[in-house]
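These notes are about the structure you will find just below.
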Amino acid sequence: MNPDVRVRFAPSPTGLLHIGGLRTALYNYLFARHHGGTFVLRIEDTDQARYVDEAEQDILKSLAWAGLHPDEGPAVISTDEKTSDADATGGEAKNISRIDFDTDIENGQGAMDGEMDYKGTFGPYHQSRRRSRYSMHAQQLVDSGHAYYAYDTVEEIEHMRERLRTPENPNPKYDAQTRMQMRNSLTLSEQDLQELVEEGAEYVVRLKVPQGETVPFEDMVRGPVSFETDELDDQVLLKADGMPTYHLANVVDDHEMKISHVIRGEEWLSSAPKHILLYRFLGWEPPVMAHLPLIMSPSGGKLSKRKAEEEGIPVNVRDYRRDRYERDAVINFLTLLGWSPGDDRELLTLEEITREFSIGRVGKSGAIFDFKKLLWFNEHYMRQRDEGELAEELMALIRERGLPGKESLSEKEQALASDKDFLAGMVRLLKERVSRLPEFLEAGGFFFEAPAQFDEKAVKKGWKEDTPARITRYRDQIAGLDDAAFRADELKRILTEMVEAEGVGFGKLMMPLRVAVTGAGSGPDLFGTLELLGRDEVTGRLDAALQKLG
RNA sequence: GCCGCGUUCGUCUAGGGGUCUAGGACGCCGCCCUUUCACGGCGGUAGCACGGGUUCGAAUCCCGUACGCGGUACCA
C-alpha cells in the first residue's frame, strides 16, 4: 500500500466520454487501487471554444456507471440515473468538502459559477477555476528567462509558416530559428513593448525551448524514450484569452495536486518532453510517465467517432449505458485491450484485475477494438445474472423507449410490460439467445403481440395440407386444460402422444405450431413459450393462424 | 517531410536465448447434443513483417528495411 501514489484522469469536456477515454480512466483507477493510492478526476476545461455543456455530466455519470469512483474531483451532481455503487475494492469515499473559491471565480462558466461540490482537498478540480495559478507560473517562467511574451497575430504566424513552408518542411515551427524574426519580447525594443502593453495588445506566453539538447525520460510502458529539443517548437503556454494551454495547465496541476504517475494515451507521448522541460524550469520533480497504447478501429487508425460508427461500434460510453451493456463485461473487455494477467485467464472481476494490475504488463502496440469479443463478454456476464433482475431492467427499458418498432403500447402490451413474472419468463426463455439486453425485446416481440405475418420460408416448409387438421386437434386438446395443467411438460406430453399415435415425426406438428404461435421458423423452447403465453392466448393465436393460413 | 513509438494466428494476447513441431481466448469451419434456433461439449483452421548480424542455439538480443500508428495548433 502506497498512499503517495496519486494518479488522475483528466478529460476535456469537449464531448461525451469516449470508450477510449474510459479505458484510460480504468487503467488509472486500477493503478491507484492496486497501490492503495488516490484516483483524482480533473476537468480540463481550458478550451472555451470547444466546451460542450453536457459533456461534464456525461463524464461523471459514465465513470459512475463503470464503477470507477474518483477519490477526488467534482462530485456527481444529478443522481437520476441508476448506478451501481459497488466499488469492487470498496474504496471508501473520502470526505466531501465544500470549497468557496473567491479568487478563482474570475471566469464563471454558467452553471459552474459560485460554489461547487468537490471531493478532496487539492481543488478546485476544474482548470477554468485555477487560472491565477497558471498565470503566476507563466510569469515565473518569463522572469527566469524560460518563456517570453509573443505579440504575433494568428495571421502573422500563418504568414511565417507560408513563407517557410517547403515540401521537405510542410509545418514550419515557431522555434529557436524563427522566434527572432517574430514579434515578441525577445525581439521587440523596450519602447515597442511598453507601447503594446499600454494599448492592451493581446499576447501569448511561449516556452523558450533551449537549443541542441536531448530530453530523455523513462516511460513505464515503453522504457527509455528521448527527444531532441530542436524538434520542439516554442509551445504556447498561456493563450491570448488568458487561459493556459494543456501543456502548462497539466504540469502545474499535476505538481500542485501531487500527482505521482501520469498515465495517459500515447497521443501525448510527443508532448512529454515539453512537459519535462516545464518541470525542470519550474524547479519541480516530474511525475513518472506511462503512455498507453491507443485503441484502434478495425480498419486501422485511432478509434474515432466517425470511423467507429461506420463500423458499427458504439464509441460513447453513453451508448453502452443506454443499451444496457453489462458493466463487468465492458470493464473486463477494456482491461484486456492492452493488458493481460500473464496467463490464460480472461474472465476477470474488477477485484481480481485490481489485485493483479501492473503497468509493466501493459502492451506497447495499439489494440484493435474487437466488437464481437465484447459481445461475448457481455453474453457471459448477462447470462450469469438473476432473471428477476434482468426482468426489472427490461421493464425500465420498455418504460424508457417502448417496444421496438412500435409507436405506442396497447393496453395488453402495457400490462405485460409491467408484469415482472412475465418478463422473467421471457428472460428465462431467451437468455441464451441474445447478446444484449435490448435484444430480448427484439427477439421476443411475439410474446407481446400475436404475429401479424408468418415467415414465408417456414410456412412453405412446414405448413402442408394435413397441417390444419392436426393443429386443430392439438388446439382442442389443450383448450380443455385448466390453468394449472397448462404447463410446458404437459403440453409436450400431449404433442408427443399425438404424433406417436399418428406415426409421424415430432417436427410434423411442432414446426407448424411454432409458426402459428410465433410467426417464425425458429425461436426459444416452444412449450415453454406456450406456457408463458397462456391457454387463451395460445388457442386464440392458433385460431387466427388457421384462418389466415388455411 | 520531420520526429517519436510500435510490429506473434483475421482480432485480443501468452512468450523475455534452449522446455516453441509457438499456448489461450474471440471469430470462423466441422462434428456431437437437440423439437427449430441457440446454449453447451469436442475437434479443426490460422501467426513469430522482411533482411542482416550476435550466439552452439533467437519469436525472444543488436542493426537496417518495410509497413502501421501517433505528433507536428493560441485543441486537448
Side-chain angles (χ1 to χ4, degrees), chain A residues 10-15 44-47 49-50 150 152-154 157 161 165-174 202-206 219 221-222 225-228 230-233 235-247 249-250 264-273 291 293-294 296 298 300-302 333 336-347 361 363-377 379 383 430-434 443 458 461-462 492 495-496 499 505-511 513-515 518 520-527:
Chain A
S12 170
T14 51
E44 309 228 328
D45 53 350
T46 55
D47 188 338
R50 293 202 305 156
D152 319 274
T153 63
V154 284
I157 294 172
R161 294 216 169 99
R165 201 181 328 262
T166 62
E168 291 73 39
N169 184 16
N171 296 306
K173 291 187 284 285
Y174 196 124
E202 286 204 331
Y203 66 90
V204 299
V205 173
R206 283 183 182 270
D219 187 282
V221 172
R222 280 144 224 291
V225 180
S226 79
F227 289 82
E228 300 301 320
D230 291 353
E231 303 297 335
L232 271 29
D233 65 355
Q235 183 62 55
V236 169
L237 265 17
L238 216 53
K239 300 186 264 191
D241 65 0
M243 278 289 195
T245 56
Y246 169 83
H247 306 284
N250 142 285
R264 83 242 278 198
E266 202 196 49
E267 71 267 32
W268 294 110
L269 188 58
S270 334
S271 35
H291 289 93
L294 262 22
M296 319 270 277
K302 215 172 13 172
F333 172 71
L336 264 19
L337 222 51
W339 179 84
S340 100
D343 53 37
D344 289 343
R345 287 169 303 153
E346 298 227 66
L347 264 0
R361 296 206 57 84
K364 294 173 172 42
S365 47
I368 293 175
F369 194 101
D370 184 352
F371 192 54
K372 285 204 169 144
K373 186 139 189 184
L374 202 215
L375 253 22
W376 176 75
F377 278 113
E379 289 160 7
R383 284 165 196 165
L430 258 18
K431 210 175 179 184
E432 313 291 296
R433 346 173 55 86
V434 300
K461 196 173 159 205
K492 182 174 183 181
L495 188 139
T496 309
V499 291
F506 197 88
K508 240 348 194 208
L509 180 47
M510 193 283 262
M511 277 299 260
L513 199 53
R514 175 186 293 285
V515 179
T518 71
S522 67
D525 174 67
L526 216 212
F527 303 102

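The chains referred to below are lettered A, B, ... by the order of the sequence lines, with proteins before strands, and numbering in each begins at 1. Given the structure is predicted, the values throughout are model-derived calculations rather than measurements. Only this structure's heavy atoms are used, side chains among them; waters, hydrogens and symmetry mates stay out.
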Would you kindly give the [atom1]-to-[atom2] distance between [X] and [N], to the nearest whole Å?
X        : N     : atom1 : atom2 : answer
A:Leu430 : B:C39 : CG    : C1'   : 12 Å
A:Lys173 : B:C2  : NZ    : P     : 12 Å
A:Asp525 : B:U34 : CG    : C1'   : 11 Å
A:Leu269 : B:G70 : CG    : P     : 13 Å
A:Lys364 : B:G68 : NZ    : P     : 22 Å
A:Leu232 : B:C2  : CG    : P     : 18 Å
A:Asp344 : B:C12 : CG    : C1'   : 13 Å
A:Arg345 : B:C26 : CZ    : P     : 16 Å

Considering only the [atom1] atoms, how many Å lie between [N] and [M], rounded to the nearest integer?
N     : M     : atom1 : answer
B:G64 : B:A22 : C1'   : 26 Å
B:U7  : B:G16 : P     : 16 Å
B:G23 : B:G47 : C1'   : 12 Å
B:C28 : B:C20 : C1'   : 25 Å
B:C63 : B:U55 : C1'   : 16 Å
B:G4  : B:G43 : P     : 49 Å
B:C31 : B:G70 : P     : 43 Å

Problem set entry | A:Thr245 or A:Leu337, whichever maps to the more 5' nucleotide of RNA chain B |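 Looking at the nearest nucleotide for each, A:Leu337 comes out on the 5' side.
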For this session: Hey, which sits more toward the 5' end of RNA chain B by its nearest nucleotide, A:Ala150 or A:Glu346?
Result: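 Its nearest nucleotide being more 5', the pick is A:Glu346.
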Minimum-distance nucleotide to [X] side chain [options: [options]]:
X        : options             : result
A:Glu168 : B:G1, B:A73, B:U35  : B:G1
A:Val236 : B:G10, B:G71, B:C74 : B:C74
A:Trp376 : B:U35, B:G1, B:G27  : B:G27
A:Ile368 : B:C12, B:U35, B:G70 : B:C12
A:Lys239 : B:G68, B:C5, B:A76  : B:A76

Establish, with yes or no, whether the OP1 or OP2 oxygen of [N] is under 4.0 angstrom from a side-chain nitrogen or oxygen of [X].
X        : N     : value
A:Lys508 : B:U35 : no
A:Ser365 : B:G68 : no
A:Arg206 : B:C74 : yes
A:Arg361 : B:G15 : yes
A:Lys302 : B:G71 : yes
A:Ser340 : B:A14 : yes

Mate of [N] where both pairing distances stay under 3.5 Å, Watson-Crick or G-U:
N     : value
B:A59 : none
B:C69 : B:G4
B:U21 : none
B:C75 : none
B:C42 : B:G30

What pair of heavy atoms forms the shortest contact from [X] to [Y], and how long is it?
X        : Y        : answer
A:Val434 : A:Glu379 : O-CG, 3.8 Å
A:Pro293 : A:Ser365 : CB-O, 3.2 Å
A:Pro524 : A:Arg514 : O-NH1, 2.9 Å
A:Pro172 : A:Arg165 : CG-N, 3.6 Å

For this session: Taking atom OH of A:Tyr203 as the centre, report whether more than 12 heavy atoms of other residues, nucleotides or ligands fall under 6.0 Å from it.
Result: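 Count not over threshold, so no.
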For this session: Tell me, yes or no, whether the heavy-atom count around A:Lys239 atom NZ, taken from other residues, nucleotides or ligands under 6.0 Å, exceeds 12.
Result: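 Correct, the count exceeds 12.
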Exercise. Any Lys/Arg nitrogen of A:Asp370 or A:Lys373 sitting under 4.0 Å from an Asp/Glu carboxylate oxygen of the other?
Worked result: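 The answer is no: the pair does not qualify as a salt bridge.
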Exercise. A:Ala367 near the nucleic acid: base, sugar-phosphate alone, or nothing, with a heavy-atom cut-off under 4.0 Å?
Worked result: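 Contact class for A:Ala367: sugar-phosphate only.
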Problem set entry | Close side-chain approach of A:Leu269 and A:Asp219, heavy atoms under 4.5 Å |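 Yes, close enough: below the 4.5 Å cut-off.
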